[in-house]
Amino acid sequence: MYFSLLPFLFAALPFASANPRVPTIPKNATLPKHFGILLYNGFTELDVYGPLGVLQGLYAQFLHPNLHLSIISKNIMPVSSVPGLRGDFGESVVVTSTFGSILAQNGTVPGKGPLEVLLVPGGAGSRNELEEEVTFIKAIYPKLKHIMSVCTGSTLLARSGILDGRKATTNKKAWAWATSTGPKVDWVHTARWVPDGNIWTSSGVSAGIDLTYAWVGNVYGEDVADYIAQAIEYKRWYNATDDPFAAVWNEPEP
Ligand SMILES: *[C@@H]1O[C@H](CO)[C@@H](O)[C@H](O)[C@H]1NC(C)=O
Ligand SMILES: *[C@@H]1O[C@H](CO)[C@@H](O)[C@H](O)[C@H]1NC(C)=O
Ligand SMILES: *[C@@H]1O[C@H](CO)[C@@H](O)[C@H](O)[C@H]1NC(C)=O
């Protein structure tokens, strides 16, 4: 009895263990090729590296030709993730382009072409005035195909005015302060992420990963987003309005 089952078991294995089919990225000249990350001192690491892990999957899994990344800041000094620049628990990131150099070249970076997608992280540093960062977002937004923010990164978008009259979300723990930066924004409290036209905002920190998968799914195809998630062994969050943290952080921060 026990042995007689074995042939059936082995016969079923090739089907059970088939690897996911590799989806093809559509050959579409309008698909974005040049991504930028806007950095300021005191950014939150996962806001940057979570989305970058997904985008790197786009590059590595599909060898998407001519995909470029720019690390953009107000000057060429390395940018530190240390919150409030107190202590040394953090790391510095090398900047590849400045706001001034990109704007002086009409929104392009030599060798990489026009900047098409900008990602703005949140973090303790977003509580600073960040006037140059906000001015850059306002100036570059009309030239972009898409802009994404993670966590309190949406406060920079709000301060630049590009979120006026738009739907957006932000970090739930920092909700009272974050939403005060954009009185004309239609803030959505219960949302893991919110797309509005070409502006995609996410809730706190790890929500940026789900935002990026949803964005990749929308632009490159859900099969592409799913394949990257399988490859990096991540369980995707598909429902943008399924937000358990909205109920957890339900009192204004002191
Ligand atoms: C600047 O870029 C815009 C697209 O963002 C383009 O339409 C325009 O022709 C460019 N201007 C110059 C002087 O290259
Ligand atoms: C190319 O991609 C863009 C953005 O995803 C999409 O809006 C457009 O319909 C696509 N065009 C073709 C011909 O597939
Ligand atoms: C998404 O999540 C919300 C909140 O849990 C739920 O009400 C809604 O039915 C879900 N939508 C889908 C399509 O599952």
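Counting starts at 1 for both ligands and their atoms, following the listed order.
Protein residues are said to neighbour a ligand when one of their heavy atoms lies under 4.0 Å from it; for ligand 3 these are N239, T241, D242.
Side chains of S149 and S154: no donor on one and acceptor on the other come within 3.5 Å. S203 and K172 share a side-chain donor-acceptor pair at under 3.5 Å.
The contact set between ligand 1 and K143, taken as ligand atoms under 4.0 Å from a residue heavy atom, comprises 1 (C), 2 (O), 5 (O).
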Under 3.5 Å, side-chain donor or acceptor atoms of residues 224-231 against the rest of the protein: list the pairs with distances, not counting sequence neighbours.
{"residue": "D226", "atom": "OD1", "partner": "R236", "partner atom": "NH1", "Å": "2.9"}
{"residue": "D226", "atom": "OD1", "partner": "Y238", "partner atom": "OH", "Å": "2.5"}

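At a threshold of 4.5 Å between non-hydrogen side-chain atoms, the residues H146 and E116 do not count as touching.
Within 6.0 Å of CD in E222 there are more than 12 heavy atoms belonging to other residues, nucleotides or ligands.
Linking ILVMFWY side-chain heavy atoms closer than 4.5 Å, directly or via other members, places V194 and L211 in two distinct hydrophobic clusters.
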